[in-house]
Protein chains: 2
Amino acid sequence: MAVTIKDVSAKCGLSISTVSKAFNNYSDISAETRELVHRTAREIGYYPNAIARTLKTNRSYNLGVLYSDDGQNGLTHSFFAQVLDSFKSECEKHGYDITFINHNVGWTGMTYLEHCRYRNVDGVCMVCADFYSTEVSELATSDIPCVTIDHAFNNRSCVMSENLQGVQQLVRYAYDKGHRKIAFVHGQRSSVTENRITGYYRALNELELTPRSDYLVSALYDSPTSGYQAMLQLMKLPEPPTCVLMPDDHSALGALEAAAELKLRVPEDVSIAGYDGIRLGQMLHPKLTTIKQDTKRMGMQAALYLIDRIENPRTAVSEVGCIPTKLIPGESIAQVKG
Amino acid sequence: MAVTIKDVSAKCGLSISTVSKAFNNYSDISAETRELVHRTAREIGYYPNAIARTLKTNRSYNLGVLYSDDGQNGLTHSFFAQVLDSFKSECEKHGYDITFINHNVGWTGMTYLEHCRYRNVDGVCMVCADFYSTEVSELATSDIPCVTIDHAFNNRSCVMSENLQGVQQLVRYAYDKGHRKIAFVHGQRSSVTENRITGYYRALNELELTPRSDYLVSALYDSPTSGYQAMLQLMKLPEPPTCVLMPDDHSALGALEAAAELKLRVPEDVSIAGYDGIRLGQMLHPKLTTIKQDTKRMGMQAALYLIDRIENPRTAVSEVGCIPTKLIPGESIAQVKG
DNA sequence: ATTTTCGCCTAAACCGGTTTCGATGTTGAG
DNA sequence: CTCAACATCGAAACCGGTTTAGGCGAAAAT
């Protein structure tokens, strides 16, 4: 059914090798022949088959994307979806397709690394994965080029959102608005969380506020329910905070819900901030104060790093890209009188 | 680097063919030999390479996913993301990976069909695509098994959300709440839109309400801005509707915004409904009245249909699956006094 | 004892390309 | 006129599997 290199070679009256060389711009093919081959190929709709090419060259022009699908929401996760979307379009510009790497395929479970070899991916990008698992680090330390997002492995390229600075900026913003009792709700253990907590403490320190252990609360990312509970917990304190920084916008929605239930007006009675800058945050009343991550640039940068490592294995060094965040003032942090 | 069938055959002292056959459960391999092969494979971590297998068998265990990435938000589109997520996990259960099909890869543009052949996908699922384009229908009428979601091609399997019934149900709900001036805002031209408009008219007809052309407004899917404008347009009418049905939840958010700007309370002054049932709709005040589409089941069903066509090319017939929707009452449609 | 049948395994072709190496004809230098 | 250099092209090996056709020894049938 599909048209192969044989069809082209037959139609041109040339050998298969010559056609292949013409397509790969070998220097020992005359300009006319090359032209003839290309014209004929276009005529009969020939494209070299990726599978066959891969088998011989071991270059699939296929990149793996690894994320933890164990969590309830994989592709639905808005941060991940945005990064992925951008990563994907950059890859396509360079002629790469993408494939999801997982360990639940059909048979007896393959590991991530095995899945990568099974599909001959040229490289792999890891986002929102469980970076502490042995399976992930096995892949990270393998010979397969890889880039990580929001986590740094030794000697591997990575793209980091400036989480530390982001939270710092947010705390300062709250401080400038007159808040002194600023609580921080953090997500699950991860590099991101660690950086954000560090940012929180660093900001408090800078502003000469004494950290209180009851103002540091644990919750889950992307979970309104969990955010709801964290908010309740904080508001029940004998001395509740006047401003609460949530792990992300979705959990902030849970916090807003909790505030509403407690008959607390936002931001008059209590201030709340999110993180991520999802579109819907700006459609709320009050508009959500939040930190916008530049997901578009993160995905693009990751793709560029990865492709660079693949196409220039010698010269390419592992790079670390820091992508700046941006504070979106919104209206959910109120000005407090001194 | 990677371990191949040769390594297994060498270690077992068997020929390559025997190893291959042992792996593919050929009957002319003794139980002991088969056992030996499998054990050795497990020991040295061998998995048959998908690329090599595909080349010979023309079965890639790879499925294409086609969606229109021309729109601004591809993977970010919440309906699409949900369907895809479910489709993907069902595929993985059956040992299939997925690849995105597009026509922007590297070179001179391949068509969708060419991309499918280029990657040897076993089948392709089309969602949120431009079903009216020649390129898409070329693929749909090719010999590659395919399944569509929310659009029916002749003689091809498809999964349809019950859009007609969904809208009908929504109109009836509004009617039962006392509304008589019910406007319908629809999205871009597509089967979905056509079905929904039909559902709208059919419901009006059933309820003996006379349709008014000024109550049928055009907007865009997934666009708060567009929803905002549509809402303004409707509210400026000399005789504005008391209830507005929006194309989806996101555009409903735009409509809510417009209402707020016009100092209209929802639902006291005007009622608004969405479509899709996104999580955030239920976190608003008032909670959004909407129709929940069973995206999970849609994705799963599509995968099952597609895999069935692939694995049983003889017996499989094109099937049409209708996935029921569910009304989520919410609070954004008010009871109106007769 | 000879032939048939069977059970088990291997050799080799093949999938659709890429790439090495050599063949051929042409040209330029000596 | 001879020989080297160059420009073009093709034959064949190869990538890692699958699959067909056939080989070989042992058991069963004649």
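Quick note on labels: first sequence line is chain A, next is B, and so on, each numbered from 1. These numbers come from a predicted model, not from an experiment.
More than 12 heavy atoms of other residues, nucleotides or ligands sit less than 6.0 Å from atom CG of A:Asn312. Taking a 6.0 Å sphere around CD of B:Glu32, one finds it holds 12 or fewer heavy atoms contributed by other residues, nucleotides or ligands.
Straight-line distance from the CZ atom of B:Phe23 to the P atom of D:dG17: 9 Å, rounded to whole Å. If you measure from atom CD1 of A:Ile51 to atom P of D:dT18, you get 14 Å, rounded to the nearest angstrom. At whole-Å resolution of the value, CG in A:Leu55 and P in D:dA13 are 17 Å apart. For B:Asn120 and D:dT18, the CG to C1' distance is 15 Å, given to the nearest whole Å. Here the P atom of nucleotide D:dC6 and the OH atom of A:Tyr26 are 21 Å apart, to the nearest Å. C:dG17 atom C1' lies 13 Å from atom CG of A:Asp7, rounded to whole Å. The interatomic distance linking B:Arg59 (CZ) with C:dC15 (C1') rounds to 16 Å, in whole Å. Put simply, CZ on A:Arg119 is 14 Å from P on D:dG17, counting in whole angstrom units.
Distances from the side chain of A:Ala52 to the nucleotides D:dG16, C:dG17, D:dT18 place C:dG17 closest.
The existence of a salt bridge linking B:Glu90 and B:Lys93 is confirmed by a sub-4.0 Å separation between a basic side-chain nitrogen and an acidic carboxylate oxygen. Under 4.0 Å is where a charged nitrogen must lie from a carboxylate oxygen, and between B:Glu43 and B:Lys11 at least one such pair does.
Residue-level contact check: B:Thr4 touches the backbone only, with heavy atoms under 4.0 Å from sugar-phosphate atoms and none from bases. Contact annotation for A:Thr57: backbone-only contact, meaning every heavy-atom pair under 4.0 Å involves sugar-phosphate atoms and none involves a base.
A side chain to side chain contact (heavy atoms under 4.5 Å, CB included) with A:Lys21 is found for exactly one of A:Asp28, A:Thr33, A:Val37, namely A:Asp28.
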Nucleic acid footprint by protein, nucleotides 6-14 of chain C - heavy-atom cut-off 4.0 Å, B for base, S for sugar-phosphate alone: --BBBBB-B
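Taking the centre and axis of the six-membered ring of A:Tyr305, the NZ or CZ atom of A:Arg309 falls outside the cone set by 45° and 6.0 Å.
Checked against the 6.0 Å centroid threshold, B:Phe23 and B:Tyr47 do not count as a close aromatic pair.
Not one side-chain nitrogen or oxygen of A:Asn49 sits closer than 4.0 Å to the OP1 or OP2 atom of C:dC15. Here B:Asn24 reaches the OP1 or OP2 of D:dT18: one of its side-chain N or O atoms lies under 4.0 Å away.
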